[in-house]
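First comes the structure, then the notes that go with it.
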Amino acid sequence: MEMEKLVSLCKRRGFLFQSSEIYGGLNGFWDYGPLGVELKRNVKEAWWRDMVSGHDDLSVLPGAPDSYEMTGLDCTIIMHPQVWKCSGHYDLFADMMQSCRQCKKLFRADHVWGLMRETEWANAIAETLASNFDAEQIEVDAEKLAKWAKDRKGGRRLAPGLALVRHPENTLASLQQSLAEMKADSFPVLLQHLATEDKKTSGLLTPCPECGGDLTEPREFNLMFETIVGALKDESNKAFLRPETAQGIFVNFKNVLDSTRVKIPFGIAQVGKSFRNEITPRNFTFRSREFEQMEIEFFCHPDSSQSWYKYWRDRRMQWYQDLGLAGERLILREHDPDELSHYSTGTADIEYAFPFLPAGEYGELEGIAHRGDFDLRSHMEGKLDEKSDPLVVQLDEHGKPKYRGSGKDLTYRDELTNERYIPHVIEPSAGADRATLAFLCEAYREDSAPDDKGNLQTRTVMSLHPRLAPVKAAVFPLVKKDGMPEVAKDIYRALKPKFSVSYDEKGAVGRRYRRQDEAGTPFCITVDGDSLIDRTVTIRDRDTLEQTRVRIDDIESEIENRIQS
RNA sequence: GCGGGUGUAGUUCAAUGGUAGAACAUCAGCUUCCCAAGCUGAAUACGAGGGUUCGAUUCCCUUCACCCGCUCCA
C-alpha cells in the first residue's frame, strides 16, 4: 500500500487534515476531521472500556496472577515545574546538547572541553606525548599513540569509544594525512583527530569526555514546550506542557489511595494530550509534537511485579490483535537487557510495520515497561540517579538532593500483613494517534467489485473493525420514490440514538455503497420494493459484499451482534 | 540539523511571461428496483511574502509545508 494513497484518502474523506492548513500548515501538528474524530474517539473509548470501565475486578483474568482493580484519572497538562525536575525530563532537555554516538551520554555543548581537561584518558594522552592542554604545537608520535591505544590499562580501559582505540590504523593514517597538510595543531585539535577515524567522510569529530567516542553536532534539545503561568513573563513562573501523562498519575497516587479504597494490585488509567518538541516530526501523524496518550500505571507488590509485567505485555498485544491488527505487521519486541535502564527488569514494545518505514522496520505503538519503584521514590525522596545501583537520590555539588522530592509518604501499607512498601510499577503506555494511524494503514484496501454492467472496477475500502468504524451503518432507500425514503428515514431515526448512522438517498445506490466503503462503514441497510410489502430490508456487508434480508424490527439487534462478533 | 525533490480545484494531473484546462469527486435537477451508469447545469485552484517586469502561476530571492536519504528519537 502506498502511503500517499492513504494520506489523500484521509484528506478527501475527512479523517485527517494538516493543522492550520490555510496558513500553510505547521510541522508536526495534525487535525482530525469529521470521520477522524469519530475513529480516534472509538479507539480511545475501546481502550477505556476494555481496560478500565469494563474491567472485571472480581475474577482472575486469563494470564493474570490475581484479580485487580482499575480506576481512572484526568489531570492537568500543566503541572508544578518540580514534577519534571524529579521525573528527570528537565535535566535531559535544555540548552545545546551533544550526545555520544558510542556511550549515548549527553553533554552540554559548552561544558565538553571543560570536562575534557578533567578527563583521565585525555590527560593520559597528554602524558604519553609529554604535552599538555595548552600546547600550541604537538610532537605527534604515532608509535606511542598506537601502543597506548592497545594497552589494556591505557586506551582500552580509559577510552573504549575513542576511534584511536577502536581503529588505530585508520585513525593514525587519517591523522598523519592531515598533519602533512597542516604541520601544527593545538592539543584539543589533536584529540579531535584521535576521535576521527576518517576525516574525509565524517569531518573532524569531537570526542566524548566519558568514553572517547564521537559526539554529535551540538543541538538544541527543547523537548518540553515552555509556557508562563501568570500574567508576567518571568523566569520564575516558567512552566511546561507535559511530555507524558504518566507523571500526573504518580503525583496523584496518594490521592487515589486515600479517596477510593483501592487495594494493591491496582491500576490508574489516563487518556490525554502530551507535547514533545520533536526534533524531526515526520511520517504523517506518527511523530507529532502534540499527541494523545493512553497510559496505565499499574501498582503491585515487588515480589509479583514480574508476573504482572508479563500479564500486561501479553494483554496489550492481544488488544491490538482483537481490533484488527492481526497480521504479521504487528510484533511484540522484548528489549535486550542492555537496552534497559538497570532498574527496569523488563520492557517490551508493541510495534507495527507502518508502510512509510523501510521493509523490516517497525514503529512503536506502545511500550510496556517495568519501572520498579523509580517514579514513586523520586517524587518522595528527590530525583533518583538513574545510574546508581541500588538507586539513590542524585546530589548536587553541595551534597544536597539535586531536585528535592515532595517529602510526602508515598508508601503503601498492606492492611492484612501490615507490610509497608513502595509499590513497583508496570507502565503500559500507548499512543492514541499512533494506534489510530496503524488501524487506518491496516484497514486500507483496494479490491475489485463489478459495476452495473458486470465490469470489474477498483474499489477502495477501509476495512476497519466495526467497533472502530466512524459510522456503523448507513441507511438508503434503493430509489428516491415510491415511499422508500420515508421508510428508510424511520429506520435511520430509530437507529440514531443507539449507533452512529448516516442516511443517504442521493444518486445511484452503487455510488452510495462505494462512498461508505471509503469511510469504513461496515453495514449498509437498503430499503427496496419488498420492504414496503413485508417490512424487511437488506443488510450489505462491507467486506464480503453479501446481502442478507432481515426484518426491520431486528435491524438493531442484528447490527449489535455483528459489531460484537 | 544536513542534502535532494515537490507545491496548480476536494483528489490526481496538464498547460502558459499576457483570459489557467481535464478526469474523478462535490452540489442541483432529470432518470434509475442493488454495487463509482446516463443526460443537463453549477461551484471550486496557481502554498505564503518580496523582487525583476508594462504585465509573474511561470524568472529570481526568502519563507512555509510535504516527500526521499542521512542524523536524531527522552
Side-chain angles (χ1 to χ4, degrees), chain A residues 2-5 7-14 17-30 33 84 87-94 96-99 101 104 106 201-203 214-224 243-244 246 274 276-284 286-287 289 341 356 358 363-364 367 369 386 429 447-461 476-482 484 505-518 524-533 537-542 544-547 549:
Chain A
E2 297 116 86
M3 199 60 200
E4 291 129 55
K5 286 188 173 178
V7 172
S8 100
L9 182 141
C10 285
K11 171 90 191 284
R12 185 154 39 87
R13 286 301 187 195
F17 307 127
Q18 220 183 335
S19 165
S20 318
E21 197 191 88
I22 62 168
Y23 287 107
L26 188 59
N27 192 300
F29 296 88
W30 297 89
W84 306 112
S87 72
H89 290 86
Y90 180 83
D91 268 1
L92 278 173
F93 304 97
M96 297 294 281
M97 306 290 283
Q98 292 180 275
S99 61
R101 291 197 180 90
K104 307 293 179 196
L106 270 168
T201 51
S202 64
D214 45 315
L215 295 183
T216 59
E217 288 298 299
R219 287 165 320 215
E220 191 155 9
F221 269 68
N222 272 324
L223 156 84
M224 289 195 287
E244 61 172 42
S274 291
R276 296 178 189 182
N277 203 353
E278 294 286 354
I279 302 164
T280 315
R282 210 174 267 197
N283 292 330
F284 208 20
F286 182 76
R287 179 164 290 126
R289 288 179 162 141
S341 333
F356 46 75
E364 182 182 343
E386 288 132 25
S429 169
D447 64 9
S448 294
D451 64 15
D452 68 329
K453 297 191 182 65
N455 301 320
L456 284 180
Q457 302 283 345
T458 302
R459 184 178 76 123
T460 304
V461 195
F476 307 148
L478 187 56
V479 290
K480 197 167 64 174
K481 60 180 186 186
D482 300 338
M484 292 179 206
E505 59 178 24
K506 294 178 200 120
V509 74
R511 177 190 301 265
R512 286 178 263 158
Y513 285 141
R514 298 296 173 87
R515 213 192 324 254
Q516 296 299 329
D517 289 339
E518 278 199 350
C524 290
I525 294 151
T526 305
V527 171
D528 56 20
D530 292 347
S531 310
L532 306 168
I533 300 160
V537 293
T538 59
I539 295 190
R540 175 236 193 214
D541 183 276
R542 176 195 63 202
T544 64
L545 300 179
E546 274 170 23
Q547 287 183 286
R549 260 200 121 73

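Bear in mind the structure is a predicted one, so any value in this text is a computation, not a measurement. Residue numbering restarts at 1 for every chain, and letters A, B, ... go by the order of the sequence lines.
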| query | Stepwise, does the side-chain contact (heavy atoms from CB on, under 4.5 Å) test hold for A:K11 with A:E21? | reply | CA-CA 11 Å; A:K11 171 90 191 284; A:E21 197 191 88; 3.3 Å; yes

| note | Protein heavy-atom contacts under 4.0 Å, written 5' to 3' over nucleotides 41-47 of chain B as B (base), S (sugar-phosphate only) or - (none), form the string -------

| note | Quick tally for nucleotides 23-28 of chain B: nucleotides whose base has a protein heavy atom under 4.0 Å get B, sugar-phosphate-only ones S, the rest -, giving --SS-S

With a non-hydrogen cut-off below 4.0 angstrom, is [X] in contact with a base, only sugar-phosphate, or nothing?
X      : result
A:D528 : base
A:E546 : nothing
A:T526 : base
A:L545 : base
A:Q547 : base
A:R282 : base
A:F286 : nothing

Whole-Å gap separating [atom2] ([N]) and [atom1] ([X]):
X      : N     : atom1 : atom2 : result
A:R459 : B:A36 : CZ    : P     : 11 Å
A:W84  : B:A74 : CH2   : C1'   : 12 Å
A:F356 : B:C67 : CZ    : P     : 10 Å
A:N277 : B:G1  : CG    : C1'   : 13 Å
A:L26  : B:C64 : CG    : C1'   : 10 Å
A:F29  : B:A65 : CZ    : P     : 10 Å
A:I525 : B:C34 : CD1   : C1'   : 15 Å
A:K5   : B:U11 : NZ    : C1'   : 13 Å

| Do A:R459 and A:L545 pass the side-chain contact (heavy atoms from CB on, under 4.5 Å) test, and can you show the C-alpha distance, the side-chain angles, and the key distance before you say yes or no? | CA-CA 11 Å; A:R459 184 178 76 123; A:L545 300 179; 3.2 Å; yes

| said: Return the OG1 to CZ distance between A:T458 and A:R514, rounded to the nearest 0.5 Å. | reply: 9.0 Å

Could you give the distance separating [M] and [N] at their [atom1] atoms, to the nearest angstrom?
N     : M     : atom1 : result
B:G47 : B:A65 : P     : 16 Å
B:A56 : B:G49 : P     : 14 Å
B:A23 : B:A42 : P     : 14 Å
B:U57 : B:U19 : P     : 11 Å
B:G4  : B:U16 : C1'   : 27 Å
B:C27 : B:A43 : C1'   : 8 Å
B:G17 : B:A37 : C1'   : 44 Å
B:C64 : B:C24 : C1'   : 29 Å

Quick one: which of [options] gets closest to the side chain of [X]?
X      : options             : value
A:K11  : B:C66, B:G10, B:C68 : B:G10
A:L478 : B:A74, B:A65, B:C34 : B:C34
A:R514 : B:C33, B:A36, B:G10 : B:A36
A:Y513 : B:C68, B:C35, B:U12 : B:C35
A:E518 : B:U11, B:A65, B:A36 : B:A36
A:T280 : B:G1, B:U12, B:U32  : B:G1

| Do A:F284 and A:F356 have ring centroids that are under 6.0 Å from one another? | no

| said: Judged by each residue's nearest nucleotide on RNA chain B, which is more toward the 5′ side, A:D541 or A:K480? | reply: A:K480

| request: By nearest nucleotide on RNA chain B, pick out whichever of A:K481 and A:R289 is the more 5' one. | output: A:K481

Can you give me the closest heavy-atom contact between [X] and [Y], atom names plus distance?
X      : Y      : result
A:V537 : A:T526 : CB-O, 3.5 Å
A:R549 : A:D530 : NH2-CB, 3.3 Å
A:T538 : A:Q547 : OG1-NE2, 3.4 Å
A:M224 : A:W84  : CE-CB, 3.9 Å
A:R276 : A:P243 : NE-O, 2.8 Å
A:M484 : A:G529 : CE-N, 3.7 Å

| task | Evaluate the salt bridge (charged side-chain N to carboxylate O under 4.0 Å, His left out) criterion for residues A:R12 and A:E518: first the C-alpha distance (whole Å), next the side-chain angles of each, then the deciding distance (0.1 Å), finally the verdict. | result | CA-CA 10 Å; A:R12 185 154 39 87; A:E518 278 199 350; 2.9 Å; yes

| message | If you compare every side-chain N and O of A:N27 against the phosphate oxygens of B:C64 (OP1, OP2), does one of them come in below 4.0 Å? | response | no

| Looking only at N and O atoms, is any donor in the side chain of A:Q516 or the base of B:A36 less than 3.5 Å from an acceptor on the other one? | no

| field | Side chain A:R540 and base B:C34 donor-acceptor under 3.5 Å | value | no

| said: Would the distance check show the side chain of A:N283 and the main-chain N or O of A:F286 forming a donor-acceptor pair, the cut-off being under 3.5 Å? | reply: no

| said: Donor-acceptor check, side chain of A:R289 to backbone of A:N27, threshold 3.5 angstrom: yes or no? | reply: yes

| Would you call A:D517 and A:R512 a salt bridge, taking side-chain N to carboxylate O under 4.0 Å as the test? | no

| query | Taking a pair as Watson-Crick (N1 to N3 plus N6-O4 or O6-N4) or G-U wobble (N1-O2 and O6-N3), both under 3.5 Å, which stems of 3 or more consecutive pairs involve RNA chain B? | reply | B:1-7 with B:64-70, B:10-13 with B:21-24, B:26-30 with B:38-42, B:47-51 with B:59-63

| query | Are the side chains of A:R515 and A:R13 in touch, meaning some heavy atoms are under 4.5 Å apart? | reply | yes

